[in-house]
Amino acid sequence: EVKMYAESIQRDLIVQLDTRPLELKLTSSACSASSELRTGFGLIQFEFSLASNSLTRGAHHLTLENRHLRQISVYLFNAAKPASPLIQITSQKRNENQSSGEINFIYQAQETSAQTTGICISAAVILIALLFGLWRATEGSRRSPE
């Protein structure tokens, strides 16, 4: 029953990154005993994750709209402090009942090893070209008649 409820909520959450829709994946769930739920004090907690392999360095815009049981739901929309220092939240906005909101953030990606390798190879090629030019100039001055 909890899994079916999670799927219902998942369908009612609309998430976009830079105007591209993202698919949510249920990563964990927890539910109080049914006796607690009946009193109104029980909790049902779901954790969803987003797969975004194309996150590039720079500014991004994440939006979330919660359409689940609009007539009776109470919403809370907040950005938590990122665990990674590579993410910096720049602003967040929410509507009056917090059923939807926006988070603007900057992703400060580190250079990948491919980028670092490319930079090292480029620097090595330039250095070799300079040394070869210097060697040719030196050899040319040795061979020229005086």
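By convention here, the first residue in the shown sequence is residue 1.
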Do [X] and [Y] touch side chain to side chain, with heavy atoms closer than 4.5 Å?
X     : Y      : result
Thr90 : Ile106 : yes
Ser8  : His68  : yes
Ile89 : Asn104 : no
Leu17 : Leu50  : no
Arg94 : Leu76  : no
Ile9  : Asp12  : no
Gln92 : Glu102 : no
Arg67 : Ile14  : yes

Quick check against the 3.5 Å criterion: does [X] have a side-chain atom that pairs as donor or acceptor with the backbone of [Y]?
X     : Y      : answer
Ser73 : Tyr75  : no
Asp18 : His60  : no
Glu47 : Ser28  : no
Arg57 : Gln108 : no

Gap between atom [atom2] of [Y] and atom [atom1] of [X] - 0.5 Å precision:
X      : Y      : atom1 : atom2 : answer
Glu23  : Leu13  : CD    : CG    : 12.5 Å
Ser32  : Arg38  : OG    : CZ    : 12.5 Å
Ile103 : Thr63  : CD1   : OG1   : 9.5 Å
Thr56  : Tyr107 : OG1   : OH    : 9.0 Å
Cys31  : Lys3   : SG    : NZ    : 15.5 Å
Leu55  : Leu86  : CG    : CG    : 10.0 Å

* For Gln10, which of Tyr5, Phe48, Phe46 qualifies under side-chain contact (heavy atoms from CB on, under 4.5 Å)? -> Phe48
* To do: Quick one: closest heavy-atom pair of Gly42 and Leu37, and the distance?
  =>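 Heavy atoms of Gly42 and Leu37 come nearest at C-CD2, 3.7 Å.
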* Less than 4.0 Å between a side-chain N and a carboxylate O, is that true for Glu7 and Lys25? -> no
* Could you give me the CA-CA distance, side-chain angles and deciding distance for Phe77 and Leu64, then say whether side chain to side chain contact (heavy atoms under 4.5 Å, CB included) is met? => CA-CA 9 Å; Phe77 180 93; Leu64 176 112; 3.8 Å; yes
* Residues two or more places apart in sequence or in another chain: which of them pass salt bridge (Lys or Arg N to Asp or Glu O under 4.0 Å) with Arg11? -> none
* Asked: With no hydrogens and no angle check, do the side chains of Ser99 and Asn66 hold a donor and an acceptor under 3.5 Å apart?
  -> no
